[in-house]
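Notes follow once the structure below has been shown.
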Amino acid sequence: MSSIRFTAKARRGAVALALAAGLAAGVAGCGGGGDDDNKKPETTASAPQKDGSDPSPQEGQSDDVQAELKGSSGLLLQITTAERDAGGFVTVNGTLKNDSAKSVTVPMLLRGDETEVIAHGRSLGGATLVDSKEKKRYYVLRDTEGRPLTTTGFSTLKAGEELAVFMQFPSPPESTTDVTLQLPTFSSATIKISG
């Protein structure tokens with residue numbers, strides 16, 4: 001009887017060994033070819049992160065910095081694009097960077113002081129576009145529930161960390177191409193609207 005157990009154990013061991021070998025061969029077959037094949041997907045996958053692109057209004061950001069707004073504690077807002085679209089909006093894209101050597105808590109003041117916006121946490125809801133030519137100020141748009149149409153949900157940036165950001169505003173008249181972007185606790189800067 002002990003020889004039957006030994007045989008059953010031996011069979012189970014052989015089956016397990018065969019399964020393990022089959023799985024290893026299957027995994028190796030799915031790995032894709034040599035080193036050249038592995039390098040191409042990495043390059044493609046890392047390119048969008050470098051540009052700060054996300055599946056949101058940040059799509060289409062360029063690496064060219066149009067303006068820099070300096071904030072407190074080493075924060076820096078770099079504006080890359082300000083594009084007018086057919087729907088009557090201007091979307092401003094950029095990168096919020098921690099240019100300091102330590103972690104920085106992003107100030108709550110960036111969300112502005114409107115009750116509707118404050119209820120939705122940290123954001124860039126306090127940003128405005130000033131059209132000096134027409135003597136008008138444009139505030140960040142809100143959805144039907146009062147959420148600002150801007151990047152939200154951030155709090156701390158580590159040293160050297162970057163965050164792709166966007167803000168949407170009503171569009172000034174098409175004759176207006178230069179506007180001043182203002183954000184609480186940051187310096188102001190003139191940006192060009194394209195489109």
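Computed from a prediction, not measured in an experiment: that's the story for all the values here. In what follows, residues are counted from 1 in the order of the sequence shown.
- Using modelled atom types, one side-chain atom of Ser187 and one backbone atom of Lys70 make a donor-acceptor pair closer than 3.5 Å.
- For Thr156, the side chain to side chain contact (heavy atoms under 4.5 Å, CB included) partners at least two apart in sequence or on another chain are Ser103, Thr105.
- Note: Thr151 OG1 to Gln168 CD = 10.0 Å, rounded to the nearest 0.5 Å.
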Anything under 3.5 Å between a donor and an acceptor, one on a side chain of residues 110-118, the other on a protein residue two or more places apart or in another chain? List them.
| from | atom 1 | to | atom 2 | distance (Å) |
| --- | --- | --- | --- | --- |
| Arg111 | NH1 | Ile118 | O | 3.4 |
| Glu114 | OE1 | Arg142 | NH2 | 3.2 |
| Glu114 | OE2 | Arg142 | NH2 | 3.1 |

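- Contact annotation: the side chain of Leu129 never approaches that of Asp131 to less than 4.5 Å [non-hydrogen atoms, C-beta and beyond].
- Across all non-hydrogen atoms, the minimal contact from Pro148 to His120 is CD-CB, 4.3 Å.
- Take Thr190 and apply the side chain to side chain contact (heavy atoms under 4.5 Å, CB included) test, not counting sequence neighbours, and it matches Asp178, Thr180.
- Between Leu124 and Phe186, the closest side-chain pair of non-hydrogen atoms is not below 4.5 Å.
- Thr81 and Asn93 share a side-chain donor-acceptor pair at under 3.5 Å.
- Here the shortest heavy-atom pairing between Ile79 and Leu181 reads CD1-CD2, 3.6 Å.
- Here the side chains of Ser188 and Val130 are not in contact, with every heavy-atom distance at 4.5 Å or above.
- A donor-acceptor pair shorter than 3.5 Å can be found between the side chains of Arg137 and Thr128.
- For the residue pair Glu83 / Ser194, no side-chain donor-acceptor distance below 3.5 Å is found, with atom types taken as modelled.
- The minimum heavy-atom distance linking Ser72 with Pro107 is given by the pair OG-CG, 3.9 Å.
- Of all heavy-atom pairs between Ser73 and Asn98, the closest is O-OD1, 4.3 Å.
- Criterion: ILVMFWY side-chain heavy atoms under 4.5 Å apart, direct or through other members. Under it, Tyr139 and Leu149 are not part of a common hydrophobic cluster.
- Crowding of Phe154 atom CZ: a count of heavy atoms from other residues, nucleotides or ligands under 6.0 Å exceeding 12.
- In this structure, Leu96 is a member of the same hydrophobic cluster as Val104, with clusters built from ILVMFWY side-chain heavy atoms closer than 4.5 Å.
- The side-chain heavy atoms of Pro173 and Glu134, taken from C-beta on, include a pair separated by under 4.5 Å.
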> Does the side chain to side chain contact (heavy atoms under 4.5 Å, CB included) test come out yes or no for Val92 and Val90, once each step is laid out?
Replying inline: CA-CA 6 Å; Val92 177; Val90 168; 4.2 Å; yes
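- The closest side-chain heavy-atom distance from Lys133 to Pro172 is not below 4.5 Å.
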